[in-house]
Amino acid sequence: MYSIKKNPIGIYEKALPNDFSWREKFEAAKKAGFDYMEISIDESDERLSRLDWSDDEIETIKNLMKEYDISFPTMCLSGHRRYPFGSKNPEIRNQAMKIMEKAIILSVKLGVRCIQLATYDVYYEESDEETKRNFTEGLRKAVDMASRAGVILAMEIMDTKFVGTIVRALRYIKKIPSPYFKIYPDMGNLSNFSNDVTEELELGYSQITAIHVKETKPGIFKEVPFGEGQVDFTGIFKKLKELGYPGMFLIEMWADNSKKYSVDEAAKSIKDALEFVKDKMRKAEMEV
């Protein structure tokens, strides 16, 4: 298990090939030197079906966690992009709440402590005042459910302007004050939408539960190789050290699923990213 004497660094599940078995994913993450993995529940039927895993299926995953000493402290729940809280269709809103309830129950069974929410009011519909009201009401219900289970819901700072900055996320934190409702910033997304990322981090520091480490370019939010984008990682890490941030970092990247990888090849790909990030942390005089 990761040390509580340093900032734990995890890897996004989608950084590993889709065709890998769970054993192969755990093995690659362990070989690369990661402390934990973030499980993905996205909008695909395959990943949404994980919300209906049997207790035997869950036990299989938990046994792999023990074997490889890699846990799932966080979940990326992006299934709400397809079934958003803000939809004008009541059937979609009902499905959004069912997904939320199942995700919380799965989190309790797997030991997930923080669910990262995809904070779109709507994605495939037009946003307006009605969708924003629906979104806020859905969040209130979701936070109530998570609070009863002792699971934190954290708003991701997104790849759209709707909640593309910490300042925008803080509006919802103010509307729904709760120890179980926090913020999960993304360095890359913030670098697209904020003129001063470090100031944003200072403003929202007390509400941050974990941080995505991701490279981006202007207007490009995914699959930008580390070192080829605009994110000032060293400057951001320096600010986090100044603030005394003691929490988790999650490297967000994506495997090229058009290729076939061996476990060793996949491990090298994510290890290279880990070494890049650790180098930036060392330059900021953070302990790694």
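Values reported hereafter were calculated over all heavy atoms of this structure, with side chains retained and with hydrogens, waters and symmetry mates removed.
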Legend entry - Spacing of CE belonging to Met65 relative to CD belonging to Glu59, to within rounding of 0.5 Å: 10.0 Å

Legend entry - Shortest non-hydrogen separation from Pro17 to Tyr261 and the atoms involved: CG-CD1, 3.5 Å

Anything under 3.5 Å between a donor and an acceptor, one on a side chain of residues 268-276, the other on a protein residue two or more places apart or in another chain? List them.
residue : atom : partner : partner atom : Å
Lys268  : NZ   : Asp272  : OD2          : 2.8

Inset, instruction - Check step by step if side-chain contact (heavy atoms from CB on, under 4.5 Å) holds for Leu190 and Leu201. - result: CA-CA 9 Å; Leu190 270 175; Leu201 290 167; 4.3 Å; yes

Legend entry - side-chain contact (heavy atoms from CB on, under 4.5 Å) evaluation trace for Ile183 with Ile173: CA-CA 8 Å; Ile183 299 173; Ile173 297 295; 4.0 Å; yes

Legend entry - Stacked cation flag Lys175 on Tyr172, 6.0 angstrom / 45 deg: yes

Legend entry - Salt bridge present between Lys132 and Glu129 (N-O < 4.0 angstrom): yes

Legend entry - Any Glu13 side-chain heavy atom under 4.5 Å of Arg47 side chain: yes

Legend entry - Distance in Å, Ile41 CD1 paired with Glu46 CD, rounded so as to fall on 0.5 Å steps: 8.5 Å

Legend entry - Expected output: side-chain Glu137 to main-chain Asn134 donor-acceptor under 3.5 Å: no

Legend entry - Ionic contact status for Glu67 with Arg23, cut-off 4.0 Å: yes

Inset, instruction - Please name all residues satisfying side chain to side chain contact (heavy atoms under 4.5 Å, CB included) with Arg168, sequence neighbours left out, ordered by chain then number. - result: Thr165, Arg171

Legend entry - Salt-bridge criterion met for Glu27 and Lys31 (N-O under 4.0 Å): yes

Legend entry - From Arg81 atom CZ to Ser78 atom OG, the distance as rounded to the nearest 0.5 Å: 6.5 Å

Legend entry - Spatial distance of atom CE (Met286) from atom CZ (Phe237) [nearest 0.5 Å]: 6.5 Å

Legend entry - Audit row: Glu202, Lys239, salt bridge (Lys or Arg N to Asp or Glu O under 4.0 Å) steps and yes/no: CA-CA 8 Å; Glu202 186 166 356; Lys239 185 61 177 181; 2.8 Å; yes

Inset, instruction - Give a yes or no on whether Asn63 atom CG has more than 12 heavy-atom contacts from other residues, nucleotides or ligands under 6.0 Å away. - result: yes

Inset, instruction - Answer with yes or no whether the hydrophobic clustering places Leu110 together with Ile104; edges join I, L, V, M, F, W, Y residues whose side-chain heavy atoms lie under 4.5 Å apart. - result: yes

Show every donor-acceptor pair shorter than 3.5 Å between a side-chain atom in residues 84-93 and any protein atom, with sequence neighbours excluded, or say none if there are none.
residue : atom : partner : partner atom : Å
Ser87   : OG   : Asn89   : N            : 3.0
Ser87   : OG   : Glu125  : OE2          : 2.6
Lys88   : NZ   : Asp128  : OD2          : 2.5
Asn89   : OD1  : Glu91   : N            : 2.9
Arg93   : NH1  : Ser87   : O            : 2.8
Arg93   : NH1  : Lys88   : O            : 3.3

Legend entry - Closest non-hydrogen atom pair between Ala255 and Leu16, with its separation: CB-C, 3.7 Å

Inset, instruction - Measure the shortest side-chain to side-chain distance between Val263 and Phe20 over non-hydrogen atoms and say whether it is less than 4.5 angstrom. - result: yes

Can you give each donor-acceptor pair under 3.5 Å made by side-chain atoms of residues 243-253, sequence neighbours left out, with the distance rounded to 0.1 Å?
residue : atom : partner : partner atom : Å
Tyr245  : OH   : Met248  : N            : 3.1
Tyr245  : OH   : Met248  : O            : 2.6
Glu252  : OE1  : His212  : ND1          : 3.1

Inset, instruction - Any side chain to side chain donor-acceptor pair (under 3.5 Å) involving residues 217-227? Give me the pairs, sequence neighbours left out, ordered by first then second residue. - result: none

Legend entry - 4.5 Å side-chain heavy-atom contact, Met187 and Val197: no

Legend entry - CD-NZ distance between Glu287 and Lys241, expressed to the nearest 0.5 angstrom: 8.5 Å

Inset, instruction - Evaluate whether atom NZ of Lys98 has more than 12 neighbouring non-hydrogen atoms of other residues, nucleotides or ligands under 6.0 angstrom away. - result: no

Legend entry - Worked verdict on Glu265 versus Lys260 for salt bridge (Lys or Arg N to Asp or Glu O under 4.0 Å): CA-CA 9 Å; Glu265 288 170 337; Lys260 292 293 290 184; over 6 Å; no

Legend entry - Side-chain donor-acceptor pair present, Ser258, Asp256, cut-off under 3.5 Å: yes

Legend entry - same_hphob_cluster(Tyr180, Ile115) at 4.5 Å side-chain heavy-atom cutoff: no

Inset, instruction - Check the pair Tyr124 / Glu43 against side chain to side chain donor-acceptor pair (under 3.5 Å), numbers first and verdict last. - result: CA-CA 12 Å; Tyr124 299 110; Glu43 63 184 307; 3.0 Å; yes

Inset, instruction - For residues Met75 and Gln116, determine if any side-chain heavy atom of one lies less than 4.5 Å from a side-chain heavy atom of the other. - result: no

Legend entry - For the student: nearest non-hydrogen atoms of Val224 and Ile220, plus distance: CG2-CG2, 3.6 Å

Legend entry - Note, Arg282 side chain near Val288 side chain (heavy atom, < 4.5 Å): yes

Inset, instruction - Measure the shortest side-chain to side-chain distance between Val213 and Phe226 over non-hydrogen atoms and say whether it is less than 4.5 angstrom. - result: yes

Legend entry - Sub-6.0 Å ring centroid separation between Phe72 and Trp22: yes

Inset, instruction - Evaluate the salt bridge (Lys or Arg N to Asp or Glu O under 4.0 Å) criterion for residues Arg82 and Asp42: first the C-alpha distance (whole Å), next the side-chain angles of each, then the deciding distance (0.1 Å), finally the verdict. - result: CA-CA 9 Å; Arg82 179 176 168 189; Asp42 67 17; over 6 Å; no

Inset, instruction - Any chance you could measure Asn257, atom CG, to Lys259, atom NZ, to the nearest 0.5 Å? - result: 11.0 Å

Inset, instruction - Grab the two heavy atoms, one from Ser21 and one from Glu24, that are nearest each other, plus how far apart they are. - result: N-OE1, 2.8 Å

Legend entry - Minimum side-chain heavy-atom gap Leu117-Met100 below 4.5 Å: yes

Inset, instruction - Determine whether the side chains of Thr74 and Glu38 contain a donor N or O and an acceptor N or O closer than 3.5 Å. - result: yes

Inset, instruction - Determine, stepwise, if the pair Phe34 / Tyr68 fulfils ring-ring contact (aromatic ring centres under 6.0 Å, His included). - result: CA-CA 11 Å; Phe34 282 91; Tyr68 288 97; over 10 Å; no

Legend entry - Residue pair Asn94 / Tyr83, side-chain heavy-atom distance below 4.5 Å: no

Legend entry - Smallest separation among heavy atoms of Ile236 and Ser191, with atom names: CD1-OG, 4.4 Å

Inset, instruction - In sequence, state the C-alpha distance, the side-chain angles, and the governing distance for Ile70 and Lys25, and then conclude on side-chain contact (heavy atoms from CB on, under 4.5 Å). - result: CA-CA 10 Å; Ile70 295 281; Lys25 290 178 181 180; over 6 Å; no

Legend entry - Donor-acceptor contact present, side-chain Glu215 to main-chain Val231, <3.5 Å: yes

What donor-acceptor contacts under 3.5 angstrom involve side-chain atoms of residues 144-164, with partners at least two apart or in another chain?
residue : atom : partner : partner atom : Å
Ser147  : OG   : Val143  : O            : 2.6
Asp159  : OD1  : Tyr120  : OH           : 2.7

Legend entry - Check: Thr234/Asp232 side-chain N/O donor and acceptor closer than 3.5 Å: no

Inset, instruction - For the residue pair Thr216 and Asn192, confirm or rule out a side-chain donor-acceptor distance under 3.5 Å. - result: yes

Legend entry - Heavy-atom pair of closest approach, residues Leu77 and His80: CD2-CE1, 3.7 Å

